[in-house]
Amino acid sequence: MDRASFYEQVYQVVALIPRGRVTSYGAIAHYLGAKNASRMVGYAMHDAVKAHPPIPAHRVVNRNGLLTGKFHFASPTQMQERLESEGIKVNEDKIINFKNVFWNPMEELDLEK
DNA sequence: ATGTTGACTTGGA
DNA sequence: GTCCAAGCCAACA
């Protein structure tokens, strides 16, 4: 992880998000050790589209479970459509049962770390 | 090298 | 419960 840039680290974690689950920028940032660099996580997603293994950026939302970055996708609706396609209910750009589908990298990946 | 920006978070009123 | 302000880190120009 040391050689990988912050962006790559973010990609790795996001790529590990199980299908049907979502996580928050802060959770990823915190997992990477920079809990206050949550902005960077979102900013890293900016390059997600050109990241080689297309990362499920639609599974990353803010702490409110709101699809803040949906507008950055190819189509604003694509993010919601994809989430629903995975079984995640979305209403008014926010995830329903966010707590329920929330995926905490620190708890799920802590063992491998 | 400095300054601006950003798909965020938290805390206080 | 909502709204405003400050913080913090990394990439980019």
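Both backbone and side-chain heavy atoms feed into the values below; hydrogens, waters and symmetry mates do not. Per chain, numbering begins at 1; letters A, B, ... match sequence-line order. Owing to the predicted nature of the structure, the values given are computational and were not obtained by experimental measurement.
Side-chain atoms of A/Ser24 come within 3.5 Å of backbone atoms of A/Ala27 as a donor-acceptor pair (strictly under, hydrogens ignored).
Taking a pair as Watson-Crick or G-U wobble with both distances under 3.5 Å, the runs of three or more consecutive pairs in DNA chain C are B:2-6 with C:9-13, B:8-13 with C:2-7.
Distance, A/His30 NE2 to B/dT10 C1': 13 Å, rounded to whole Å. A straight line from NE2 of A/His46 to P of B/dC8 spans 11 Å, rounded to a whole angstrom. Distance CZ (A/Phe6) to P (B/dT5): 21 Å, rounded to an integer number of Å. Atom pair A/Tyr25:OH and B/dC8:P shows a separation of 6 Å (rounding to whole Å applied). Taking atom CG of A/Asn62 as the reference point, atom P of B/dA7 lies 12 Å away to the nearest angstrom.
With rounding to the nearest 0.5 angstrom, the CG atom of A/Leu67 is 8.5 Å from the CZ atom of A/Phe73. Put simply, CD1 on A/Ile88 and CD1 on A/Ile96 are 11.0 Å apart, with the number rounded to the nearest 0.5 Å. Distance check, rounded to the nearest 0.5 Å: CD of A/Gln12 to OH of A/Tyr7 gives 16.0 Å.
Note on A/Ala57: a base of the nucleic acid sits closer than 4.0 angstrom, heavy atoms only.
A/Tyr43 meets the ring pair (Phe, Tyr, Trp, His ring centres under 6.0 Å) test with A/His46; sequence neighbours excluded. Under the ring pair (Phe, Tyr, Trp, His ring centres under 6.0 Å) criterion, A/Phe102 pairs with A/Phe98, sequence neighbours left out.
First and last contacts of DNA chain C with chain A, using any nucleotide atom under 4.0 Å from a protein heavy atom and ordered 5' to 3', fall at C/dG7 to C/dA11.
The pair A/Arg21-A/Glu108 does not count as a salt bridge, with every side-chain nitrogen at least 4.0 angstrom from each carboxylate oxygen.
Within residues 64-72 of chain A, the residues that have a heavy atom under 4.0 Å from DNA chain B are, in order of number, A/Thr68, A/Gly69, A/His72.
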Exercise. Let me see the working for A/Glu86 and A/Val22 under side chain to side chain contact (heavy atoms under 4.5 Å, CB included), right down to the final yes or no.
Key: CA-CA 10 Å; A/Glu86 296 185 353; A/Val22 296; over 6 Å; no
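Hydrophobic cluster membership is shared by A/Tyr31 and A/Tyr11, with clusters built from Ile, Leu, Val, Met, Phe, Trp and Tyr side chains linked at under 4.5 angstrom.
Under the 3.5 Å distance criterion, with hydrogens and angles disregarded, a donor-acceptor pair is assigned to the side chains of A/Glu84 and A/Gln80.
Residues in residues 92-102 of chain A take part in these side-chain hydrogen bond (donor to acceptor under 3.5 Å, both in side chains) pairs, two or more places apart or across chains: A/Lys70-A/Asp93.
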